[in-house]
Amino acid sequence: MNSAMDEINLLRQAQRQHQHHLMVRGMGEEIDLEIGPGDDPSFSGADLVAVASGHHDTDEHKSLLIPCSGAVDGHAQPPAPQPQLAHGEEHDGKLRRPSAHTKKKKVVKKWREEWADTYKWAYVAVHDNTTRIFCSVCKEYGRKHRRNPYGNEGSRNMQMSALEEHNNSLLHKEALRLQMASKEKLQPPEIERPVYVKALSKTAASILESVLRRDPHEAEFIQSIQEVVHSLEPVLVKNTQYVQILERLLEPERCFIFRVPWIDDRGEAHVNRGFRVQFSQALGPCRGGLRFHPSMSLSVAKFLAFEHTLKNSLSLYKLGGAAGGSDFDPKGKSDNEIMRFCQSFMDELYRYLGPDQDFPAEDIGVGPREMGYLFGQYRRLSGHFQGNFTGPKIFWSGSSFRTEATGYGLVFFARLLLAEMNKELKGLRCVISGSGKIAMHVLEKLLPCGAIPVTVSDSQGYLLDEDGFDYMKYSLLRDIKAQQKNLKEYLKSYPHAKYMDDAKPWSEQCDVAFPCASHNEIDQGDAVAIIKSGCRVLIECSNMPCTVQAVDILRKAKVLVAPAKATAAGGLVSNNNR
């Protein structure tokens, strides 16, 4: 009896000395630890011996697991060739080592099932014969883990904690930024869409056929020409001498395509493509916008220049039409990066500009900041202060005292149009797309007219306020856009409003629609939604916001469509009326 007590005391003493090597487990309890050979020196060749804890009741039987590689109390314990689990009298008192390979597979499977949905930025893989949790952005698994006292290669919590620490590091944030930049560059190629051609008379069709032969892939340019030819078809049929004049007008005078190299803040070189199309100088020097957007192409530049040519001809001023820009995206770029790009852009473009030749204006992606950088580089290269840019500074030639002129002019046009229908804007629900300069000025001018504007939108969705925007809400929206924040910030101050992700506002009930975002933003499905919403007047604010099919659907439903060539002329008149 004394010898048995001595053995128990020795075992307890060994337990205290080697406490970090011991585990207390109930028989049959699943062990989540990942134990493998070589994980801990104490487990290199030792068997696990089960020692009764002093209770002989089978229901409460517990075991202490200790490594047994030498002698206990002077009695050698030779290793058994086939160790077995200790359980009552049917076993020989030894535990078989759990299979590391089998256990790893279970753990990996468990990680994948339980953690994949929660941690989208993590994935499980094997590295150096060890299962680890990796960062899906920079393919790192964080700092190397110290083996814990039980000999496993880092539990789930340990690895996830280390990985979260890694995700807060500058290395991970830089990798994430590079990944986002690469996604912007590697956008899937745009699928070439067929050009929709309407039925025209033989005379008008011959004009469009000649354009299709020359530029079959320039969908935007062909669409803009088709709209004009279809509108002028009655005149062309009666006066065939105008056909040759129109054919000459449809070919731009000159197009410039050039390379724009620039350096980002990390010192890496990038190359974008620049465009400038001087479509016609028949009436005077060209005037037209500069657009910085990834969708910019020669087709878009030609379509915009053609639109400006016709728009400027409707004004009282002798101006031709031009347009240009680059596929550069200013979103997410620092001020220094935008400045370097604008300077490089102007290094090539300045030789084609001048007060008697061509002066650019603002468009999508080009605001007062960009125009300031462009004019500063133009002045530096030309060597004199001969301003010829349209922008917010009053000392530039062709500049505007009122940057809100275009947006206000759109609302004035809508008032005159409704007056012809014996209606007024007061009390009418208005849906606005976009949240740029024109859209915000349209919203601002609708308020004193008594209208109820209920939506604005951005590239990620649209914001809906059923109560309508008032002056305080407009001021908040203006601050949000000035800080370049998402429209969802509006919900923090007005939680009753809604933000619809990846959607357009045309399904909302309204009386008047103001598309101010970009070209072709309203397609056939959007036109049907506008009709179902109860809208009866659509004021085109951006250049060619509706596709040809959409315009046909709207007109068949008796929706009055005001073309952008006429509605946006207010900005041109004010910008040049000094």
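Please read all numbers here as calculations on a predicted model, not as lab measurements.
With rounding to the nearest 0.5 angstrom, the CZ atom of F514 is 9.5 Å from the SG atom of C535. Between the CD atom of E307 and the CG atom of L304 there is a distance of 7.5 Å, given to the nearest 0.5 Å. We find the CG-CD1 distance between L290 and I364 to be 12.5 Å, quoted to the nearest 0.5 Å. Separating the CZ atom in F413 from the CG atom in L418 is a distance of 10.5 Å, to the nearest 0.5 Å. Rounding to the nearest 0.5 Å gives a distance of 6.0 Å between NZ of K437 and OG1 of T406. Between atom OG1 of residue T309 and atom NZ of residue K565 there is a gap of 11.0 Å, rounded to the nearest 0.5 Å.
When ring centroids are compared, F469 and Y474 stay outside the 6.0 Å threshold.
The side-chain heavy atoms of C255 and V277, taken from C-beta on, include a pair separated by under 4.5 Å. Residues P360 and L374 are not in side-chain contact: their nearest non-hydrogen atoms beyond the backbone lie 4.5 Å or more apart. The shortest distance between side-chain heavy atoms of H519 and Q223 does not fall below 4.5 Å. Between I207 and L236 the shortest side-chain heavy-atom distance falls below 4.5 Å. Residues K331 and S459 are in side-chain contact: their nearest non-hydrogen atoms beyond the backbone lie under 4.5 Å apart. Inter-residue side-chain proximity for F328 and F345 is flagged as unmet; no heavy-atom pair is nearer than 4.5 Å. Between L319 and L283, every side-chain heavy-atom pair lies at or beyond the 4.5 Å cut-off. The shortest distance between side-chain heavy atoms of I432 and L446 falls below 4.5 Å.
T567 places a side-chain N or O within 3.5 Å of a backbone atom of E540 that can act as its donor or acceptor partner. A donor-acceptor contact shorter than 3.5 Å is absent between the side chain of D552 and the backbone of Q549. Judged by distance alone, the side chain of S475 and the main-chain N or O of Y471 form no donor-acceptor pair under 3.5 Å. The backbone N or O of S507 lies less than 3.5 Å from no partner atom in the side chain of K532, so there is not a single donor-acceptor pair. E420 places no side-chain N or O within donor-acceptor distance of the main-chain N or O of L417, the cut-off being under 3.5 Å. Between the side chain of Q281 and the backbone N or O of Q357, at least one donor-acceptor pair lies under 3.5 Å. A distance-only check finds no donor-acceptor pair linking the side chain of R291 to the backbone of M296 [under 3.5 Å]. With hydrogens and angles ignored, the 3.5 Å screen pairs a side-chain donor or acceptor of Q278 with a backbone N or O of Y352. A donor-acceptor contact shorter than 3.5 Å links the side chain of D327 to the backbone of R273. With hydrogens and angles disregarded, no donor-acceptor distance shorter than 3.5 Å links the side chain of H230 to the backbone of Q226.
In terms of heavy atoms, L381 sits closest to M346 at CD1-O, 3.7 Å. Closest of all the heavy-atom pairs between A550 and D523 is CB-O, 3.5 Å. Contact record, L487 with S457: CD1-C, 3.7 Å, taken as the closest heavy-atom pair. Between A562 and I539, the shortest heavy-atom distance links the atoms CB-CD1, 3.8 Å. Between K504 and Y462 the shortest heavy-atom distance is O-CE2, 3.1 Å. Taking each heavy atom of N312 and G320 in turn, the nearest pair found is ND2-O, 2.6 Å.
In this structure, Q241 places its CD atom where more than 12 heavy-atom neighbours from other residues, nucleotides or ligands lie under 6.0 Å away. Annotation: Q509, atom CD; neighbour count of heavy atoms from other residues, nucleotides and ligands within 6.0 Å does not exceed 12.
Side-chain polar atoms of Q377 and Y350 form no donor-acceptor pair below 3.5 angstrom. E521 and S433 are linked by a side-chain donor-acceptor pair at a separation below 3.5 angstrom, with hydrogens and angles left out of the test.
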Go through it in stages, so that I can follow the logic: the residues are K473 and Y490, the test is side-chain contact (heavy atoms from CB on, under 4.5 Å), and I'd like the CA-CA distance, side-chain angles, deciding distance and then a yes or no.
CA-CA 8 Å; K473 295 177 181 179; Y490 181 89; 2.9 Å; yes

Steps toward salt bridge (charged side-chain N to carboxylate O under 4.0 Å, His left out) verdict (D265, R340)
CA-CA 10 Å; D265 291 338; R340 286 192 289 268; 2.5 Å; yes

Stepwise side-chain contact (heavy atoms from CB on, under 4.5 Å) check, V551 with I522:
CA-CA 9 Å; V551 173; I522 299 177; over 6 Å; no

Where do Y499 and Q460 land on the side-chain contact (heavy atoms from CB on, under 4.5 Å) test, with the steps shown first?
CA-CA 10 Å; Y499 186 87; Q460 300 178 10; 3.4 Å; yes

Candidate pair R478 and E444, rule salt bridge (charged side-chain N to carboxylate O under 4.0 Å, His left out), full reasoning:
CA-CA 10 Å; R478 187 177 57 187; E444 181 184 8; 5.2 Å; no

CA sep, side-chain torsions, deciding dist, call: Q343, R380, side-chain contact (heavy atoms from CB on, under 4.5 Å)
CA-CA 10 Å; Q343 291 174 346; R380 186 179 299 110; 4.2 Å; yes

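Here E251 pairs with R214 under the salt bridge (Lys or Arg N to Asp or Glu O under 4.0 Å) rule; sequence neighbours left out. Taking the salt bridge (Lys or Arg N to Asp or Glu O under 4.0 Å) definition, one finds that E348 meets it with R351, sequence neighbours left out.
The pair E424-R415 does not meet the salt-bridge criterion, since no charged nitrogen lies less than 4.0 angstrom from a carboxylate oxygen. Taking the charged nitrogens against the carboxylate oxygens, K423 and D511 have no contact shorter than 4.0 Å, which rules out a salt bridge. Between D458 and K488 no salt bridge is recorded (no basic side-chain N to carboxylate O distance below 4.0 Å).
Both tests do not hold together for K333 against F292: distance to the six-membered ring centre under 6.0 Å, angle to the ring axis within 45°.
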